[in-house]
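Comments concern the structure below.
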Amino acid sequence: MIGALAFVFGSVVGSFLNVCIVRLPREESIVMPHSHCLGCKRPIPWYDNIPLLSFLLLKGRCRFCKKLISKRYWVVELLTAGIFLWFYLIFGLTEQSLIYAAWGAALIVVSFIDLEHQIIPDVISLGGLAAALVLSFLVPALHASENRWLSLWESALGALVGGGSIYGIGLLGNFFFRKESMGGGDVKLLAMVGAVLGWKLVLVAFFVAPFFGSVVGLILKFRKGVEVIPYGPFLSLGSVIALMWGRDILNFLGFSLYF
């Protein structure tokens, strides 16, 4: 029952995330005006704004002007619902699962904005970083601790290691390729991730992300000649993998003794 509620609530949050994905890059309010069709600008009635269901019932078109609605809306709602359900099933109805759900929602917004606009809004990365530091102090269990100050230290150290690691690799890339190889948004994003995961798991995310990024990058380069790809989605994917399986990865590689 709670799992079903988590899924439904996640789909509702996903509907709001779609608003953020559209409006944040345009520096528009995410509150007003109310949801409207981007084609005919008419307000969307509540019965056409039911997460997941309305898109299917309308067959992906606006009721009024029949303009096609991007499939991204449905994908984001389903992805958010799945993430919320997954975190509930793994972590239960706990403070940690709620924090991870909000963190996952932030990563979804970042990923889709970066895919379309090649930017990562500071309101998400820096705002998330500040929130993570505060929450680490308030909920020390987030870093498997009972001491608030130790938890805050782990969060701050994770932010430094996460942001510092990708900043360092960016400097190396700039030196070897004679052009900017890593954006500042990626640095801030991984700092935010580190503040949530801690320094050990953010290193897992740092090393996992390039695997997916390089595979997709090579495919796009040889098929479409694309030279630059947004890295935010791969950092986000690597971060979720680090949260769910990072400790297993460290144990498998024999690093648990050193961490």
Side-chain angles (χ1 to χ4, degrees), residues 9-10 13-25 27-31 76 79-80 83-84 86-87 91 94-143 148 151-167 170 182-206 208-209 230-244 246:
F9 181 64
V13 172
S15 181
F16 174 69
L17 298 187
N18 275 314
V19 175
C20 297
I21 291 168
V22 171
R23 298 187 185 184
L24 284 179
E27 299 183 349
E28 298 175 349
S29 170
I30 59 175
V31 179
V76 168
L79 182 60
T80 310
I83 284 286
F84 275 47
W86 190 21
F87 285 165
F91 301 104
T94 61
E95 293 171 319
Q96 294 100 302
S97 66
L98 294 175
I99 293 170
Y100 289 143
W103 175 73
L107 294 180
I108 289 172
V109 173
V110 161
S111 297
F112 281 91
I113 289 178
D114 200 22
L115 277 173
E116 184 173 355
H117 301 280
Q118 286 77 56
I119 60 172
I120 297 177
D122 286 348
V123 68
I124 300 292
S125 56
L126 296 183
L129 170 59
L133 291 170
V134 172
L135 289 170
S136 295
F137 181 78
L138 297 177
V139 187
L142 188 63
H143 294 286
R148 296 180 188 274
S151 178
L152 178 59
W153 165 249
E154 179 71 17
S155 179
L157 183 60
L160 289 172
V161 171
S165 59
I166 201 165
Y167 179 73
M182 195 67 65
D186 298 320
V187 175
K188 299 169 191 175
L189 175 61
L190 204 59
M192 184 268 279
V193 167
V196 174
L197 299 184
W199 72 274
K200 303 172 190 176
L201 294 184
V202 78
L203 283 177
V204 175
F206 172 74
V208 168
Y231 199 46
F234 304 109
L235 287 176
S236 298
L237 178 59
S239 300
V240 173
I241 290 173
L243 171 64
M244 305 306 295

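Quick note: residue numbers are just sequence positions, from 1. The model shown is predicted, which means the values in this text are computed figures rather than measured ones. The figures here come from the full heavy-atom set of this structure, side chains too, leaving out hydrogens, waters and symmetry mates.
- In the displayed structure, E28 atom CD is contacted under 6.0 Å by more than 12 heavy atoms of other residues, nucleotides or ligands.
- The two residues G232 and I120 make their nearest non-hydrogen contact at CA-CD1, 4.2 Å.
- Here the shortest heavy-atom pairing between P140 and S151 reads CA-OG, 3.4 Å.
- For the pair R148 (side chain) and L138 (backbone), a donor-acceptor distance under 3.5 Å is present.
- M192 and L107 get closest at one heavy-atom pair: CE-CD2, 4.2 Å.
- The minimum heavy-atom distance between G14 and V76, with the atom names listed, is O-CG1, 3.6 Å.
- Smallest separation of non-hydrogen atoms from A205 and A242: N-CB, 3.7 Å.
- For the residue pair L129 and A195, the shortest heavy atom distance occurs at CD1-CB, 3.6 Å.
- To the nearest 0.5 Å, atoms OG (S236) and CD1 (I241) are separated by 11.0 Å.
- Looking at heavy atoms from C-beta onward, K200 lies out of side-chain contact with L157 at the 4.5 angstrom threshold.
- In this structure, CG on L135 lies 7.5 Å from CG on L142, to the nearest 0.5 angstrom.
- Annotation: the span from I21 atom CD1 to D114 atom CG amounts to 11.5 Å, rounded to 0.5 Å.
- Within the 4.5 Å cutoff, side-chain heavy atoms of I113 are placed close to those of I119.
- The line from NZ of K188 to CG of D122 is 3.5 Å long, rounded to the nearest 0.5 Å.
- Under the side chain to side chain contact (heavy atoms under 4.5 Å, CB included) rule, F206 has a single partner from V193, L201, L190, which is L190.
- Residues F112 and L17 form no side-chain contact, since every pair of their non-hydrogen atoms from C-beta on lies 4.5 Å or further apart.
- The closest side-chain heavy-atom distance from E154 to S136 is not below 4.5 Å.
- For Y100, the ring pair (Phe, Tyr, Trp, His ring centres under 6.0 Å) partners are F91, not counting sequence neighbours.
- A heavy-atom distance below 4.5 Å is found between the side chains of W103 and L197.
- The shortest distance between side-chain heavy atoms of S125 and V110 does not fall below 4.5 Å.
- Atom CG of L79 is separated from atom CD1 of I108 by 4.0 Å, given to the nearest 0.5 angstrom.
- Checking side-chain atoms of E27 against main-chain N and O of L24 turns up no donor-acceptor pair under 3.5 Å.
- Although no hydrogens or angles enter the test, the distance criterion places no donor-acceptor pair under 3.5 Å between the side chain of H143 and the main chain of F137.
- The distance from atom CG of L189 to atom CD1 of I124, rounded to the nearest 0.5 Å, is 10.0 Å.
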